[in-house]
Amino acid sequence: MGTTSYLTFLTALSVFAALFSVIYQAYLASNDLKSLTTILQNLKTLEHEFQVDKPRVAIGYGSCSDLYVKAVEFLNFTGRVERLLSQDTFNVDDIASEDDFLRSFAYYFQRGAAAERFTANKEMFQHLVILAKKSQAAEPRWALGGNAPVIGSRLAIEGADVVLGAKMSAKLKSHLRPDVRLTGSLIQDDDIHLILEYKTGDEWGTLRSPRANRYILHNDHHNPFISSLEEFEQALPGFSPHLFVVSGLQMMDNYFYEKGVREARIERVRNQMKAQSQDTLIHFEMASFVELELLQLLLKDVMPYSDSIGMNEQELDNLRQVLESGKISLVADSNPRVALSLDQARAVFIMLNKDYFKHRSSDPERRMISRIHLHTLAYQAILVVKDSKWKHTKNAAAKASLTAHRHVCASTIVNPDAAYRLLDDSFATSTQEGANRIPFSEADPVSCWDETITFGGQPPVEIHICVAPVLICKVAKQTAGAGDNISGAGLILQIK
């Protein structure tokens with residue numbers, strides 16, 4: 001074969017290979033789209049299988065005005081920032097300066113971990129807010145914020161009758177759904193949360209984010225004192241909620257209180273929880289806590305009177321670490337395997353309920369943790385005690401999954417073209433040797449099974465676990481508030 005013929009052959013071969021690659025990629029994409037469409041149809045069938053019958057929900061505490069910005073565009077990476085970040089490993093507990101703030105942001109950004117941090121430096125915080133409002137490149141926007149208003153709004157959208165324990169300005173109240181009843185009085189100035197959002201693969205200098213998430217900085221003055229609690233309490237008699245939700249307590253993290261003030265406020269929360277009828281289910285929404293002393297107060301005064309806990313993978317790992325070793329875990333794997341997450345959820349379930357069995361005779365108002373909802377990027381996992389008051393776990397997992405996509409994509413429609421799936425074609429139920437392996441089925445995408453958990457000297461407890469895949473939004477429009485919307489969507493189908 002001559003040189004010319006040989007080159008012609010190689011050229012033809014290269015063209016054929018490129019064409020084959022294009023066709024093969026199109027084939028794979030077509031199969032993926034078909035698979036996602038089937039999963040979506042079956043998730044939606046589960047979501048709409050049961051109708052919501054106007055459950056009554058009381059939810060506290062607090063609110064804020066959220067200022068969203070694009071993190072990378074707002075925090076312009078300069079030579080000064082590069083020199084600053086080369087000095088240490090970034091993490092800062094006490095954010096007293098802009099340098100502290102930048103190092104703290106870098107720590108969580110490079111891990112793709114959600115964070116919510118307090119700064120006592122009011123002047124610095126106000127300066128950052130002013131800069132954020134003026135930064136056209138960062139595309140600033142305002143929204144109603146706070147765990148309680150966001151969860152409450154989601155529950156109201158889904159058909160609940162909601163009473164909200166929060167104080168807010170008249171301006172902020174105008175953004176609250178009119179069917180959510182506000183119990184707190186109006187205030188002049190709202191607490192502001194500066195929310196820095198970033199996408200998967202965003203680059204900030206030499207750092208790259210492994211997943212979409214957000215970093216929140218605040219300088220709250222109303223929320224750390226749960227200032228809406230008393231007026232909320234006055235509105236509860238006669239309402240008889242089916243569900244009572246406790247949230248927003250992370251605003252008490254690292255705030256500088258006079259001696260005994262924080263303890264007294266948390267005791268008031270505890271007393272409000274204990275005052276609820278045994279027919280009322282109580283849910284506690286976890287958040288990003290970094291102060292061990294506060295978490296220990298919540299373990300003593302809040303969680304023992306809760307039926308349910310909602311959290312993400314980082315918050316689950318943090319709670320497990322505190323229960324097992326008394327140490328805080330600042331970050332965790334941003335995309336944990338199902339087996340690992342379920343092991344952590346079981347461990348938390350066992351450790352919290354050991355105290356329930358130990359103290360229930362001397363403290364009859366204690367409640368067993370009978371539900372844990374874990375929301376991650378790739379899947380929703382809900383653990384409930386069988387024959388408890390929690391209903392329709394499989395349907396709730398499906399609804400939570402679809403709500404995750406809708407919120408992050410900022411769309412009421414779930415578009416398979418705009419989604420992808422990370423959950424494997426099969427997953428182990430535990431990291432323990434010999435654990436069962438669950439095959440994933442497009443026709444039945446929410447996997448559920450029963451287990452038995454034993455507590456020394458107590459009758460065995462039967463639990464039911466469901467895992468639903470998340471159709472992950474390819475281009476994240478918003479991540480802040482995702483957990484609150486997901487938790488609200490998961491609860492609405494389980495309470496009545």
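All residue numbers refer to positions in the sequence shown, counting from 1. Computed over heavy atoms, backbone and side chain alike; hydrogens, waters and symmetry mates excluded. Not measured: the values here are computed from a predicted model.
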Notebook entry, point to check: Step by step, would you call Val290 with Arg117 a side chain to side chain contact (heavy atoms under 4.5 Å, CB included)?
Noted result: CA-CA 8 Å; Val290 294; Arg117 295 292 172 264; 2.6 Å; yes

Notebook entry, point to check: If you draw a 6.0 Å radius around CG in Asp387, do more than 12 non-hydrogen atoms from other residues or ligands fall strictly inside?
Noted result: no

Notebook entry, point to check: Which pair of heavy atoms, one from Thr479 and one from Glu197, lies closest together, and at what distance?
Noted result: N-OE2, 2.6 Å

Next item on the list: Using a cut-off of 6.0 Å, state whether more than 12 heavy atoms not belonging to Lys394 lie near its atom NZ.
Entry: yes

Next item on the list: For this output row, return yes or no: ring centroids of Tyr305 and Phe284 closer than 6.0 angstrom.
Entry: no

Next item on the list: Under the salt bridge (charged side-chain N to carboxylate O under 4.0 Å, His left out) rule, what do Asp161 and Lys54 come out as? Steps first, then yes or no, please.
Entry: CA-CA 6 Å; Asp161 179 9; Lys54 203 69 174 175; 5.6 Å; no

Note to self: If you count every heavy atom of other residues, nucleotides or ligands that lies below 6.0 Å from Gln278 atom CD, does the total exceed 12?
What the structure shows: yes

Note to self: Minimum heavy-atom separation for Phe125 and His218, please, with both atom names.
What the structure shows: CE1-CA, 3.6 Å

Item checked: Within the 6.0 Å centroid threshold, strictly below: Tyr255 and Phe118 -> yes

Next item on the list: Heavy atoms only: give me the nearest Thr280-Pro241 pair and the separation to one decimal.
Entry: OG1-O, 2.6 Å

Next item on the list: Looking only at non-hydrogen atoms, find the nearest pair between Ile59 and Ala148 and report the distance.
Entry: CD1-O, 3.5 Å

Next item on the list: State plainly whether the residues Asp317 and Arg320 are in salt-bridge range, i.e. N to O under 4.0 Å.
Entry: yes

Next item on the list: Can you see which heavy atom on Phe455 is nearest to which on Val461, and at what distance?
Entry: CE1-CG2, 3.7 Å

